[in-house]
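So the structure is just underneath, and the comments pick up after that.
Chain naming here is simple, since letters A, B, ... match the order of the sequence lines and numbering starts at 1 in each.
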Amino acid sequence: MPKVIKNVGCPYCGACCDDVEVTVSDDGKRVLEVKNVCAIGTQIFMHGGDHDGRIKLPRMRQPDGTMKDVSFKEAIDFTAKTLLKAKKPLMYGFGSTNCEGHAAAARVMERAGGCLDNCASICHGSSFLAIFDNGYPSCTLGEVKNRADVIVYWGSNPAHAHPRHMSRYAIFPRGFFTGKGHKSRTVIVIDPRFTDTGRVADYYLQVRQGHDYELFDAFRMVCHGHADDIPDVVANIPKETILEVAEVMKNARFCNFFYGMGLCHSDGRNHNIDIAISLTRDLNEFTKCTIMAMRGHYNITGPGAVWSWQFGFPYCLDLTKKTMVHMNPGETSSVDLAMRDEIDAFINIGTDAGAHFPIPAVQHLKKHPFITIDPSRNMASEISDLHVPVKICGVDDGGIVYRMDNVPIQYRKVVDAPAGVPSDEEFLDAVYERMVELEGEGFI
Amino acid sequence: MSTVTLTAKGTHELYLEAYNVTPDAFAGKTADEIAGLECHEGNRKGKLGEYFDIDGNGGETAADTQIIVKGNCKKIKRIGQQMTAGEIIVESDCDMYTAGWMKGGKVTVKGNVDSFCGIGMAGGEFIVEGNAQNYLGSAYRGDWRGMTGGLIHVKGNAGNDVATFMRGGKIIIDGDAFLHVCTHGEGGTVVIKGNVESRVGGQMVKGDIYVYGQIKYMMPGFKYVDDVEAEAVEGEKLTFAHYIGDLGERHSKRKGEIIYGNIYLKK
Amino acid sequence: MSDYIIKNGFVFDPLTGIKGDKKDIGIKDGKIVEASEVKGGKTIDASGKTVMAGGVDIHTHCVGPKVNVGRLMRPEDKLFRSRTKVGNTRVEMGFSVPSTFATGYAYARMGYSFLNEAAMPPLHAPHVHEEIRDTPIVDIAAMPVMGNNWFQLEYLKNRELENNAAYTAWLLNATKGFGIKCVNPGGTEAWGWGMNCTTIHDPVPYFDITPAEIVKGQMETNELLGLPHCLHVHPNNLGNPGNYTTTLDTLKLAEGIKPNNKFGRDVVLHNTHLQFHSYDGTTWADFESGSKKVMDYVNAHDNISFDVGFVTLDETTTMTADGPFEFHLNRLNNLKWANTDVELETAAGIVPYVYDKNIKVCDIQWAIGLELALLAKDHMRCHLTTDHPNAGPFTRYPRVIKWLMSKKARDDLLHSFKWSEKVIAATQLESMDRELSLYEIAQMTRAGPAKCMGISNMYGSLKEGTNANIAIYDINPEKMPKDPELIEKAFSETAYTFKDGVMVVENGVVIATTPKYTVWTDVKVKENAIVERDIHEKFAKYYSVGLENYKVFDEHMHNPRAIEVDATN
Ligand code: SF4
Ligand SMILES: [Zn+2]
């Protein structure tokens, strides 16, 4: 009899919907059906379990350039030796790893004396810079659902990137103080492109690409009593519209900004978010206002949390000194390290640096040992010296993940991975043990 | 004044972190002792002697120690970090954090410097004859105490994020700067003799910015008030259009009057 | 595991009444035993040294979401301010909000073995337990934050104590929590709308209940269940001039309530960080100490206890579930501000803060903390905390001990202030000659907190049979040092710390770790269909996570040590 597993978390986007129902085969090896999940989430579940397409053994590049299956023991040994030999190894990724894996990776890289970074480095890293400089007045998604009557999506397009975000948390749900659902809310969308999210907006502001910072400044001028001094047009938006929308925000009972890559990736990235935070703070003089990053991957918030409690920094960690940790994005961020050719060994884990990094960065990394740890093939795995397959967190491995609002969600294993395939944590712990075995003591 | 001459051997494969190349660390040491000071190449702890030929002894104190660095320093970080006195002259380009968290003395770089140079500076003088990259005279991540004193003079151009969270001191850039000047500024003076792209004085609470060239996009939060005559750099009396702002930011009052940040744009 | 005899030390153990007598202590199989029972163990020479039970911290923000936001948002708290690690430990990062590793090691170096994390937002419980796993050596309990929880606001408004108790028991179980923490009762819910409750009679918007009703109801609930710890309250109106009246109003709610428990606890209300609640004056200009007014009441009522929350005059990071307070603080100092409102439950705010000794208000706060401890008549009910990291980092406890034990040390500092005359005029510290004894320090730092939390059969004592958590300080009670700095030094780094019988610190250096436990309270209550239905309904309609994913999975709880409570009749 196929078995139905309920309350499963979706291992795709940062909305971390945890109401998924998964039907698995008799033998517990395959997912047969998934319910409550949007289209992009469904795919992931189908990849999990024990089936023909799954890579079951590590693959090591041979002198003739071909890839050959090797044992996990050999893969562990190769990884440990590569790390010990390097002067400045980098481990980067963690877009699809549970927090247990992040902790294990941290121990490995601390022991190795290397750099440790996650995908936030190339997406929401600018949010961190803004948080460092200006804080983060935020809330959990349930607060938005229960209280918020004004929702602003700025530079984010949940209709595509987080399909159930609007229905579960932000626009449509009927919460405790928002019993009328969509009717009780005003939706403002600010984006240079008119997106599908823009379609549900009561106000759509087509901000001039790269000039969000100026528009925020104008909104802040309203809060600080300088509405009259606003120029006639700011970032393509007429003054009257700015004043009107500012009034909507100020008169909200509870206003929340959801911002996305549109802010993180345009010019002066971190400052766009920084000033959004300033505006959020200003609005709290008039009403209640909060702000939240639309984090992409389902557990990309996780490494930031784990490494903050372990080291005090969420990403871009430089552990090379071994007695202390240094962080400074712009220097210790993966792409900068690679572009400047600062790295002499690279481990790509749970992501595809091959596809996401600039070509010169990949070329620099390719001069040195290059390892990929990932359940499936991707561009990085195909240029690697070693590709280690692992379990898929959220499908054939459980563990804790952090939703975009920092709420921990306990994920469940729904199917069995092929025999012998380790989780990220198991593989990394074995690498750590091997390093200790090869060279001196471990941590007490 | 005793002079220690370091000549980079070019033996580092990766970037070298030469945080001990300061008059403070060299003071009271012989050339041999200096050669034994620690540095880092990645996770390998090395000694300065492995990477530099060292000639001459340090002075008795930092103040009477001069360091001349020769050879290719393009991949050497942290020269002059946290120094309090004395002098360093780097004859080539050098990398990040040059003169970072500097408290006193003088650093001159004959070539270009990379990012984060003069970061968190509290005093002294830092001269760059070439260009500087991003975060010149800025604050370390998260610190609301950016540059608090001293002088930075870049004879070429600078990149983004000059003088973030600046509270005091002066930065002069003879060429251009790009995005963000004095963001979150709370004091101090920045003079840019060339052009700036945009976001000058964003979220600025206090401080003065002089621009001799163009600001391509002025922040909406800055308002023209009057024309003034001023001497941004000694001996250069000029007429500027005076703007106050950022009107979107908080401002304190002194004797009942609101104190704004100022942008002076050369007429 | 080795056995030990600790020989010839001066032992201070208030729970067994030992006041500095020379006494040998035995350690066998991780427990404390009569010295004569140890055969062939190692001998530790403690002559000329002070021996106490492992320290017990009743109120610290050491793990959890807001602590972690504090870490994340303050890279500058690490810059040139972290300890360079020695030996084979994990790296230790951060000054005011240390990393988990730094936290565990630093507490162990100070001789501590038990921490009570003061604010666990229930929704974030799995996160708290993950951090507990990564905090070495010390055992940790965490109190779920209640007091603004929608279930409880409704039950207490209707005076449904039984239901409130059943829900509370369920919540402790779901979060693997320890006791009831109540922060700015009602005020934090009001913050959901950007408002606050600053007196105990301000109605909570919409819920139509007052802070007084919440506190009283929670106290009754606590005693109905018979929990090990009493209700742990952070009252309304924290940090405002003149707030001592709100504090007295809150404390008075305990009048007539009797403790009911089998854990040896005899208080019913614990007022945390009393320093922040003992302010007189009307504005920051005429701000002055209200310590005497508060302590006159506390000394006369033995069913209440408090911890101080000493201001240490450092640059630190404030963080509390008192959301409106943090917003207010941010408006005063204009530094960065983080806020995390948690659906149906609580909120939190985080703001860096510099307690500058050149600022009069900070110095008065510093003096108020010391006054409270010096005015206290019973140090079993007066506990040492800095409300870490709110009034200062916990690593300053040794400095606080120095001030409490040495009038010279505090007078020297007091007279060095820029505004010392104004500070002296606004406080009474200068006139106070009292110097606390090592026995009183032992009461404040282990015996008192352990008794108040109902865990004195396991922690805070050197009684035979308790866990062998022992701190040996290099200080000789017969030859107390003239230089107060030596007191601070002795309490900063133990000569030896034992945790569960393992020597984890030797001469101030961490040399070993040992399995550490998560302490929680497992309360059995009668089945309650109404509460079960309410839980299902609230999760279906208002929470953003599923009920089944809310409860901490067993595999995410590390080395549990449950305290069993049977409240079925
Ligand atoms: S919105 Fe995101 S988390 Fe939810 S089902 Fe879709 S992909 Fe999965
Ligand atoms: Zn507290």
Side-chain angles (χ1 to χ4, degrees), chain A residues 6-7 9 18-19 99 103 107 110 128 131-143 145-147 168-169 174-177 253-254 281 284 287-290 304-306 308-314 319 322-325 327-328 398 400 402 405-410 441-444, chain C residues 63 65 67-69 71-75 77-78 82 84-91 93-94 97-101 123-124 126-127 130-131 134 150 191-194 206 327 330 336-344 350-351 510-513 541-546 548-549 552-553 555-556:
Chain A
K6 294 189 178 173
N7 304 302
D18 70 332
D19 58 346
C99 290
R107 188 166 68 148
E110 185 180 339
F128 286 135
I131 293 169
F132 298 156
D133 285 342
N134 210 4
Y136 193 55
S138 192
C139 65
T140 65
L141 286 164
E143 279 290 275
K145 164 172 153 176
N146 288 314
R147 296 186 204 263
R168 262 175 77 80
Y169 309 116
R174 295 164 194 271
F176 192 73
F177 295 105
R253 283 207 300 171
F254 189 116
R281 182 171 13 184
N284 273 291
T287 178
K288 179 70 187 234
C289 184
T290 49
V306 176
S308 287
W309 78 62
Q310 295 198 332
F311 303 114
F313 304 117
L319 297 140
K322 295 189 175 183
T323 52
M324 49 76 83
V325 191
M327 176 212 68
N328 192 7
I400 294 181
Y402 287 76
D405 55 354
N406 286 312
V407 171
I409 312 282
Q410 303 170 94
E441 294 160 273
F443 298 115
I444 54 174
Chain C
V63 288
V67 183
N68 214 32
V69 172
R71 296 186 187 105
L72 188 154
M73 79 189 240
R74 294 207 61 195
D77 190 48
K78 269 74 68 174
S82 298
T84 303
K85 84 155 188 183
V86 289
N88 227 6
T89 53
R90 300 291 298 269
V91 289
M93 295 301 293
V97 210
S99 62
T100 51
F101 299 114
L123 182 62
H124 292 263
H127 175 170
E130 275 205 285
E131 287 200 28
D134 282 348
W150 289 3
W191 174 240
W193 303 118
Y206 175 81
F327 176 65
N330 167 254
K336 48 193 162 184
W337 167 54
N339 177 76
T340 314
D341 292 354
V342 182
E343 60 209 56
L344 288 83
I350 302 114
V351 175
V510 175
I511 56 165
T513 53
K541 285 185 166 167
Y542 308 129
Y543 268 104
S544 63
V545 301
E548 291 311 314
N549 294 330
V552 175
F553 294 3
E555 73 237 47
H556 298 315

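Interface check for chain A: of the options C/F553, C/Y206, C/W150, C/Y543, the most heavy-atom pairs under 4.5 Å are formed by C/F553. Each of A/N7, A/I131, A/D18 has some count of heavy-atom pairs under 4.5 Å with chain C, and the biggest count is that of A/D18. Listed options C/G94, C/G87, C/G192, C/G194 were ranked by heavy-atom pairs under 4.5 angstrom with chain A; first place goes to C/G192. The most heavy-atom pairs under 4.5 Å with chain A, out of C/T513, C/D134, C/V510, come from C/D134. When each of A/G135, A/S138, A/C139, A/G312 is scored by its heavy-atom pairs under 4.5 Å with chain C, the top score falls to A/S138. Of the residues considered (C/M73, C/E555, C/M93, C/R90), C/R90 shows the highest number of contacts with chain A, using heavy-atom pairs under 4.5 Å. Taking chain C as the reference chain and counting heavy-atom pairs below 4.5 Å, the highest number among A/R107, A/Q410, A/E441, A/E143 is found for A/Q410. Comparing A/K6, A/R281, A/R168 by how many heavy-atom pairs each has under 4.5 Å with chain C, the most go to A/R281. In terms of non-hydrogen atom pairs under 4.5 Å with chain A, the most contact-rich of C/V342, C/T340, C/T84 is C/V342. Of the residues considered (C/K78, C/E548, C/R74), C/K78 shows the highest number of contacts with chain A, using heavy-atom pairs under 4.5 Å.
With a 4.5 Å cut-off on non-hydrogen atoms, C/H556 touches chain A through its side chain but not through its backbone. A/M324 touches chain C through backbone and side chain together, each having a heavy atom under 4.5 Å away. Contact of A/C99 with chain C is made through backbone and side chain together, with heavy-atom distances under 4.5 Å. C/I350 does not touch chain A: none of its heavy atoms, backbone or side chain, sits under 4.5 Å away. Looking at C/P65, neither its backbone nor its side chain comes within 4.5 Å of chain A, counting heavy atoms on both sides. For A/I400, the parts lying near chain C are the backbone and the side chain together; criterion is any non-hydrogen pair under 4.5 Å. For A/Y169, the part sitting under 4.5 Å from any heavy atom of chain C is the side chain, from C-beta outward, and nothing else. Contact annotation for A/D133: only backbone heavy atoms (N, CA, C, O) come within less than 4.5 Å of a heavy atom of chain C. Proximity to chain A (any heavy atom under 4.5 Å) is shown, for C/T89, by both the backbone and the side chain.
A salt bridge does not link A/R147 with C/D341: every distance from a Lys NZ or Arg NE/NH1/NH2 to an Asp or Glu carboxylate oxygen is 4.0 Å or more.
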For this session: Please lay out, stage by stage, how C/L72 and A/F132 fare under the test side chain to side chain contact (heavy atoms under 4.5 Å, CB included).
Result: CA-CA 7 Å; C/L72 188 154; A/F132 298 156; 4.2 Å; yes

Exercise. Hey, mind stepping through C/V545 and C/L123 against side chain to side chain contact (heavy atoms under 4.5 Å, CB included) and telling me if it holds?
Worked result: CA-CA 9 Å; C/V545 301; C/L123 182 62; 3.7 Å; yes

For this session: Starting from the C-alpha separation in whole Å, work towards a yes-or-no answer on side chain to side chain contact (heavy atoms under 4.5 Å, CB included) for C/F327 and C/W191.
Result: CA-CA 10 Å; C/F327 176 65; C/W191 174 240; 3.5 Å; yes

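Looking at C/V351 and C/K336, their side chains never come closer than 4.5 Å, going by heavy atoms from C-beta outward. Here the side chains of A/F311 and A/L319 are in contact, with some heavy-atom distance below 4.5 Å. The shortest distance between side-chain heavy atoms of A/T287 and C/W193 does not fall below 4.5 Å. Put simply, the side chain of A/W309 reaches to within 4.5 Å of the side chain of C/E130, judged on heavy atoms. Taking the side chain as every heavy atom from C-beta outward, C/V67 and C/V97 approach each other to under 4.5 Å. Counting heavy atoms from C-beta outward, C/E343 and A/K145 have side chains that stay 4.5 Å or more apart.
Side chain of A/E110 to main chain of C/V91: a donor-acceptor pair is present (N/O by atom type, distance under 3.5 Å, no hydrogens or angles). Proximity of a side-chain donor or acceptor of A/N284 to a complementary backbone N or O of A/C289 within less than 3.5 Å is detected.
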